[in-house]
Amino acid sequence: MACAMSQTLSIASWNINSVRFRIDIVERFLRDVQPDILCLQETKVVDRDFPSAMFRQLGYTHQVLHGQPMHHGVAILSRVPMREDKRFDWQDNGEARHVGVELECGFRLDNVYIPAGGEEPDPEVNPKFAQKLAFLDRMTQWSSQLTEPTLLVGDFNVAPLESDVWGHKQLLNVVSHTPVEVAAMDRFQQSHGWVDLGRQFIPEPEQMFTWWSYRARDWKASNRGRRLDHMWASPAVAARAVDHKLFEDCRNWGKPSDHIPILTTFRID
DNA sequence: ATGGCTGGTAGAACCAGA
C-alpha cells in the first residue's frame, strides 16, 4: 500500500541470479509475500530486456532498472512511488552494482551488489579482491558524507560476524569472512552509525544465513551457509523497523537462487 | 571430503559467482 495510505512499508531484497531465468519464483514470492518494494541483485539483463510486464501486472508499476549485459545488474520494483536518484560506480569500472531512490515516506533506499572478490584473499595477487576493498572504501566515503535517513540493502558479499557463517575458523581465510573485509565493514558501519537490521531482530550468537552454495549435495543437510545479504539502516530508519524475515523456503523452490529473500517492515507515521 | 554447481553468452579447453 502507498505510504500515505498505510501504516507500514515492507521492503524485500533478493539476489536472484538472473531475473529472467527465475521469473517464476520471483512471481511466486511477490504473490505470497506482497512486499511493497523488491530490490533485486544479479538481474543479469540489460534494461530493454528486463521482464517488466510480470511486475507491472502485480502492481509493481514503479521500476528503476540498472542492468548491463551478462553479469551483475540491480533493480528496484515498487508498488509505491519513488524517484530515481543516484547510480554510484563504487568499483570505478562501469559495472552495474548500485541504484538509489528517494521514497515518499521520508527515507532513501539504496540497492547495492558488492563484488564477490574472487578466490584469493590477497589484494596483491588478486585484482578482484583489491577491487572489493576499494569498493568498500568508496562506499565508506559516501556513507561518511551521508546526512539523509537511508536504508541500504543488498548482497554485501561479506558475512561480518562469527555467527554469520557455518564455521568461523574454517572461513577466516575464505573471501567474504576474512579479517580485512570485516575491518572494512566495521569502518563502513562506524562512518554513519549503520544499524544491522538482521541482527537487531536476530541477535548473535544465533546463526543466520542468507546464502547456501549450489555445490553442496544437500544444502540444508550440510547447512554450510553464510549471511551475505543485509539491510543496514540509519538510526532514524532502524527505529521504524517493526519486523524482519528470512525466507529460507525459497532455497527449496524449483530452480532456486543460491540466495534467499530478506524483508523488513517499517512503521510509516 | 577445497569437490562440486549455476546462468549468460558465444559458439570456449569461456566468464563470473563466493
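Per chain, numbering begins at 1; letters A, B, ... match sequence-line order.
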> Counting any heavy atom closer than 4.0 Å, what does K128(A) reach on the DNA or RNA strands: base, sugar-phosphate only, or nothing?
sugar-phosphate

> Could you spell out the base pairing of DNA chain B as a dot-bracket line? Use Watson-Crick and G-U wobble contacts where both distances are under 3.5 Å, [ ] for crossing pairs, | for partners on a different strand.
....((((.....)))).

> Do E181(A) and S176(A) get their side chains close enough for a donor-acceptor pair, meaning under 3.5 Å?
no

> So, E119(A) and N126(A): side-chain donor and acceptor under 3.5 Å apart, yes or no?
no

> Between N15(A) and A216(A), name the one whose nearest nucleotide on DNA chain B is closer to the 5' end.
A216(A)

> For the residue pair H177(A) and H168(A), confirm or rule out a side-chain donor-acceptor distance under 3.5 Å.
yes

> Whole angstrom is fine here: how far is it from CD in Q170(A) over to C1' in dA18(B)?
16 Å

> Under the 3.5 Å rule, do the base of dA18(B) and the side chain of R215(A) count as making a donor-acceptor pair?
yes

> With nearest nucleotide decided by heavy atoms, which residue, A116(A) or M70(A), maps closer to the 5′ end of DNA chain B?
M70(A)

> Given dC5(B), is OP1 or OP2 found less than 4.0 Å from the side-chain N or O atoms of R224(A)?
no

> Distance check needed: dG17(B) P versus E120(A) CD, whole Å only.
16 Å

> In whole angstrom, give the distance that lies between atom CZ of F50(A) and atom P of dG8(B).
13 Å

> Pick base, sugar-phosphate or nothing for R251(A), based on heavy-atom distances below 4.0 Å to the nucleic acid.
nothing

> Do W14(A) and F247(A) make the cut of ring centroids closer than 6.0 angstrom?
no

> Counting the atoms with a prime plus P, OP1 and OP2 as sugar-phosphate, which does H259(A) contact under 4.0 Å by heavy atoms, base, sugar-phosphate, or nothing?
sugar-phosphate

> Check every strand shown and say whether V45(A) touches a base, only sugar-phosphate, or nothing at a heavy-atom separation below 4.0 Å.
nothing

> Below 4.0 angstrom, N of the basic side chain to O of the carboxylate: do D269(A) and R240(A) qualify?
no

> Tell me whether the side-chain N/O atoms of Y214(A) come closer than 4.0 Å to OP1 or OP2 in dG3(B).
no

> Within the structure, does a side-chain N or O atom of N17(A) lie under 4.0 Å from either OP1 or OP2 of dG8(B)?
no

> So N173(A), base contact, sugar-phosphate only, or nothing? Heavy-atom distance under 4.0 Å.
nothing

> Considering only dT6(B), dT2(B), dG8(B), which nucleotide approaches the side chain of R22(A) most closely?
dT6(B)

> Quick one: label R217(A) by what it contacts on the DNA or RNA (base, sugar-phosphate, nothing), any heavy atom closer than 4.0 Å.
base

> Rounded to the Å, how far apart are I25(A) CD1 and dG7(B) C1'?
13 Å

> Between R108(A) and D85(A), is there a side-chain N and carboxylate O pair less than 4.0 Å apart?
yes

> Please report the distance separating the P of dG4(B) from the corresponding atom of dC14(B), rounded so that it comes out in whole Å.
15 Å

> Which whole number of Å gives the distance between the C1' atom of dA10(B) and that of dC15(B)?
11 Å

> Could R251(A) and W212(A) be counted as a cation-pi pair, given that NZ or CZ must be under 6.0 Å from the ring centre and within 45° of the axis?
no

> How would you label the contact of F156(A) with the nucleic acid (heavy atoms, under 4.0 Å): base, sugar-phosphate, or nothing?
nothing

> Whole Å only: how far is the CG atom of D218(A) from the P atom of dC5(B)?
14 Å

> Determine the Euclidean distance between corresponding P atoms of dT9(B) and dA16(B); express it in Å to zero decimal places.
15 Å

> Could you give the CZ-to-P distance, from F209(A) to dA18(B), as a whole number of Å?
17 Å

> If you compare all heavy atoms of R97(A) against all heavy atoms of H72(A), which two are closest, and at what distance to 0.1 Å?
NH2-CE1, 2.9 Å

> Just compare dC15(B), dA18(B), dG17(B) and give me whichever is closest to any side-chain atom of R226(A).
dA18(B)

> Which part of the nucleic acid, if any, lies within contact of E119(A), taking any heavy atom under 4.0 Å across all strands shown: a base, the sugar-phosphate backbone alone, or nothing?
base

> Round to the nearest Å and state the distance from F21(A) atom CZ to dT9(B) atom P.
13 Å

> It should be established whether S213(A) places a side-chain nitrogen or oxygen under 4.0 Å from OP1 or OP2 of nucleotide dC5(B).
no

> In whole angstrom, give me the gap between the P atoms of dG7(B) and dA18(B).
14 Å

> The side chain of H72(A) is closest to which nucleotide in this list: dG17(B), dG7(B), dA18(B)?
dG17(B)

> When syn is taken as a glycosidic angle within 90 degrees of 0, is dA12(B) syn or anti?
syn

> Show the atom names and distances, to 0.1 Å, of all donor-acceptor pairs under 3.5 Å that link a side chain in residues 155-162 of chain A to residues at least two apart or in another chain.
unit_1: D155(A); atom_1: OD1; unit_2: N157(A); atom_2: N; d: 3.0
unit_1: D155(A); atom_1: OD2; unit_2: N15(A); atom_2: ND2; d: 2.9
unit_1: N157(A); atom_1: ND2; unit_2: I114(A); atom_2: O; d: 2.7

> Given atom CD of Q131(A) and atom P of dC15(B), what is their separation to the nearest angstrom?
16 Å

> Touch check for D155(A), heavy atoms < 4.0 angstrom, all strands: base, sugar-phosphate only, or nothing?
sugar-phosphate

> Say whether S163(A) and R199(A), considering side chains only, have a donor N or O and an acceptor N or O under 3.5 Å apart.
yes

